[in-house]
Amino acid sequence: MPATNIEDLIALCKRRGFIFQSSEIYGGTQGLYDYGPLGVELKNNIKNSWWKSVVYERDDVEGLDAAILTKQSVLKYSGHEETFTDPLVDCKSCGERFRADQVPEYCKKEDLTEPRQFNLMFKTNIGPVDDGKTFAYLRPETAQQIFTNFKNVVDSTSRNVPFGIAQIGKAFRNEITLKSFIFRVREFEQMELEFFVVPGTDEDWHKKWVELRINWWEKQGVPKKSLELYEVPKDELAHYSKATVDIMYKFPHGVEELEGIANRTDFDLGSHSKNQDELGLKSKVSENNESNAKLALKDENNNWMVPFVIEPSAGVDRAILAILNEAYHLEKIEDKERVVLKLKPHLSPIKAAIIPLKKNDKKIVAKAKEIKNKLQSLGMGRVLFENSGNIGKNYRRHDEIGTPICITIDFETLEEETVTVRDRDTMSQKRVSISDLEEVFKDLF
Ligand code: GAP
């Protein structure tokens with residue numbers, strides 16, 4: 001059973017070093033979090049799993065890692081300067097500010113000001129002079145630099161539609177209302193794919209990507225039964241979208257968006273392109289006299305064609321919250337309780353803990369280090385030499401942080417070349433010969 005409340009998860013994240021409030025020693029900053037020793041491993045494992053599924057396991061997707069600081073023109077022509085806003089209201093009695101559609105119960109509606117539009121993009125200075133003109137934005141989505149690099153990628157890889165460009169990276173939004181720990185924050189990471197297709201095939205590709213993404217979530221331990229699909233109504237669609245399906249997850253605070261899969265049509269490539277009149281664009285774009293590239297391909301009749309884009313866009317931080325929530329289990333064993341994180345092994349921050357039974361026995365410690373080095377060299381992720389605390393405490397800690405197996409080295413190991421392998425979920429222990437250990441370990445993944 002997943003965690004029943006967010007407080008359990010927050011406490012575990014702090015206690016075991018997954019996630020900390022940012023700048024905590026100075027009182028913290030709202031909407032900013034730091035990922036600790038285990039958090040960074042979990043995050044990397046989730047991102048690697050996404051990259052493997054979206055890039056490596058396909059032959060039609062290329063990767064990209066573009067700059068975060070984004071030139072103003074990019075976000076002018078993308079439509080973000082004009083439309084990436086939320087309605088802001090002030091409460092005249094309590095002095096707090098809210099998003100107009102997210103005013104909490106405790107606030108009296110009659111004390112609110114009229115809503116005014118607030119742009120969510122962060123700005124920063126470029127170069128030493130702060131003249132208010134030479135600024136850049138911190139990107140509000142990773143997608144835009146995929147569009148601006150479309151021609152570079154096509155020219156350097158000879159790709160033709162259908163194909164995609166994937167990117168994982170930070171995005172920034174000056175959110176008015178923050179929510180539920182890492183659910184809605186001001187600095188977060190996105191895993192985005194822009195998949196370019198022939199116009200007319202876009203609706204089929206849209207359906208296909210919704211299916212593919214649900215399957216991926218299942219493999220990360222977020223089952224279909226905890227997910228819902230939400231077809232965003234026409235009047236709520238983002239300015240670039242013809243249709244969006246949100247994958248909604250039952251977070252501890254309620255059912256909310258985990259990932260959005262949008263049909264962005266030819267809006268973005270069309271908006272960033274020169275010679276727009278020659279392209280036969282289907283969407284309505286602003287005239288662009290600044291771009292120096294034609295973001296289009298030639299079709300089989302040698303006519304210009306601007307591909308439509310299907311965009312699966314998932315938040316890494318929301319993925320962490322959903323995956324931790326699903327993995328969290330509180331179990332009663334006789335009269336004791338144990339917290340266990342039943343993470344899929346490929347996501348576990350630590351893949352195996354190697355525990356010498358006697359911390360001050362040189363031979364046992366040396367053998368434990370030898371086994372650690374051997375398993376570490378297999379490249380499956382972090383293997384930890386665990387030389388602190390007693391064995392019971394070690395098991396409890398590794399249950400709580402989701403380590404799939406603990407391997408104990410004792411006197412018998414020295415004589416018989418065997419170790420004890422303890423399974424996180426069943427707590428069963430078995431004796432395994434060192435020569436079989438590599439296979440037992442690899443079989444977990
Ligand atoms: N490029 C499309 C795009 O950015 P979005 O629905 O605004 O679409 C995509 O964002 C995903 O990014 C969301 O489904 C969510 O997982 C994540 N996300 C968006 N805003 C966020 C925030 N303030 N904090 C954490 N994650 C966020």
Side-chain angles (χ1 to χ4, degrees), residues 19 22 29-33 35 43 46-47 50 54 64 66 68 70 74-75 78-80 83-86 99 102 118-122 137-148 164-195 206 209-210 213-214 216-217 220 222 227-232 236-249 251 253 255-265 267-269 271 309-325:
I19 301 170
S22 193
T29 311
Q30 274 205 320
L32 298 182
Y33 288 91
Y35 285 83
K43 205 179 201 195
I46 292 171
K47 292 192 283 185
W50 185 89
V54 168
L64 184 78
I68 287 172
T70 306
V74 174
L75 293 153
S78 70
H80 283 80
T83 60
F84 200 61
T85 54
D86 274 342
R99 222 171 93 169
Q102 290 169 359
F118 170 75
N119 196 296
L120 301 183
M121 291 194 292
F122 285 99
Y137 288 111
L138 272 67
R139 64 183 178 201
E141 59 172 5
T142 64
Q144 287 309 318
Q145 300 286 23
I146 295 182
F147 302 126
T148 58
I165 305 176
Q167 178 166 220
I168 299 177
K170 292 264 183 176
F172 302 82
R173 296 182 189 178
N174 200 359
E175 300 281 0
I176 301 168
T177 320
L178 303 159
K179 198 170 192 178
S180 279
F181 192 31
I182 52 172
F183 176 81
R184 188 183 298 120
V185 284
R186 296 195 166 115
E187 175 177 339
F188 54 100
E189 274 192 87
Q190 290 184 315
M191 306 181 280
E192 294 200 305
L193 169 69
E194 308 304 321
F195 198 77
H206 195 190
W209 273 108
V210 171
R213 295 301 304 141
I214 289 174
W216 183 81
W217 284 109
Q220 314 318 308
V222 183
L227 299 172
E228 281 174 27
L229 292 183
Y230 175 69
E231 300 245 2
V232 179
E236 285 175 27
L237 288 172
H239 62 278
Y240 50 71
S241 173
K242 163 180 161 183
T244 297
V245 175
D246 285 342
I247 300 181
M248 312 287 279
Y249 172 71
F251 287 99
H253 64 272
V255 177
E256 293 231 39
E257 179 185 337
L258 177 61
E259 169 164 1
I261 301 158
N263 182 342
R264 293 182 77 129
T265 69
F267 176 84
D268 300 276
L269 291 180
S271 296
V309 175
I310 305 303
E311 179 200 59
S313 171
V316 178
D317 310 75
R318 286 189 195 177
I320 289 174
L321 195 54
I323 287 166
L324 282 178
N325 188 49

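Here, residue 1 is the first one in the sequence, and each next residue gets the next number. Each ligand, and each atom within it, is numbered from 1 in the order the structure gives.
Scanning the protein heavy atoms around atom 10 (O) of ligand 1, the nearest turns out to be Gln190 NE2, 3.4 Å. Here the protein heavy atom with the shortest distance to atom 17 (C) of ligand 1 is Gly315 CA, 3.7 Å. Distance from atom 18 (N) of ligand 1 to its nearest protein heavy atom, with residue and atom name: Phe188 CE1, 3.5 Å. Here the heavy atom of the protein found nearest to atom 20 (N) of ligand 1 is Arg173 NH1, 3.3 Å. Protein heavy atom closest to atom 15 (C) of ligand 1, with residue, atom name and distance, is Arg318 NH1, 3.5 Å. Here the protein heavy atom with the shortest distance to atom 9 (C) of ligand 1 is Ser313 OG, 3.0 Å.
The Glu259 neighbourhood of ligand 1 comprises atoms 14 (O), with distances under 4.0 Å to a heavy atom of that residue. For ligand 1, the atoms lying closer than 4.0 Å to a non-hydrogen atom of Glu311 are 1 (N), 2 (C). Those atoms of ligand 1 with a heavy atom of Glu257 less than 4.0 angstrom away are 6 (O), 13 (C), 14 (O). Close approach of ligand 1 to Phe183 is summarised as follows: ligand atoms under 4.0 Å from at least one heavy atom of the residue are 24 (N), 25 (C), 26 (N). Listed by atom number, the atoms of ligand 1 under 4.0 Å from Arg264 heavy atoms are 1 (N), 2 (C). Proximity to Glu141 (heavy-atom distance under 4.0 Å) selects the following atoms of ligand 1: 1 (N), 2 (C), 3 (C), 4 (O). Those atoms of ligand 1 that come under 4.0 Å of a heavy atom in Glu192, given as number and element, are 1 (N), 2 (C), 3 (C), 4 (O). The Leu258 neighbourhood of ligand 1 comprises atoms 14 (O), 16 (O), with distances under 4.0 Å to a heavy atom of that residue.
Side-chain contact between Trp209 and Val245 is absent, with no heavy atoms from C-beta onward closer than 4.5 Å. Looking at Phe172 and Lys170, their side chains come closer than 4.5 Å, going by heavy atoms from C-beta outward. At a threshold of 4.5 Å between non-hydrogen side-chain atoms, the residues Tyr35 and Glu189 do not count as touching. Residues Gln220 and Trp50 fail the side-chain proximity criterion, which asks for heavy atoms closer than 4.5 Å. For the pair Glu141/His80, a side-chain contact is recorded, criterion being any heavy-atom separation below 4.5 Å from C-beta on. Here the side chains of Lys43 and Val316 are in contact, with some heavy-atom distance below 4.5 Å.
The cationic atom of Arg318 (NZ for Lys, CZ for Arg) lies less than 6.0 Å from the six-membered ring centre of Phe183 and within 45° of the ring axis.
Residues Tyr33 and Asp317 have side chains that never bring a donor and an acceptor to within less than 3.5 angstrom of each other.
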Criterion ring pair (Phe, Tyr, Trp, His ring centres under 6.0 Å) on Phe181 and His253, from CA distance to verdict | CA-CA 10 Å; Phe181 192 31; His253 64 272; over 10 Å; no
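Under 4.0 angstrom from ligand 1, the non-hydrogen atoms of Val185 come from both its backbone and its side chain. Here Tyr240 has side-chain heavy atoms under 4.0 Å from ligand 1, and that is the only part of it that gets that close.
Counting heavy atoms of neighbouring residues, nucleotides and ligands inside a 6.0 Å radius, atom CD of Gln30 does not exceed 12 of them.
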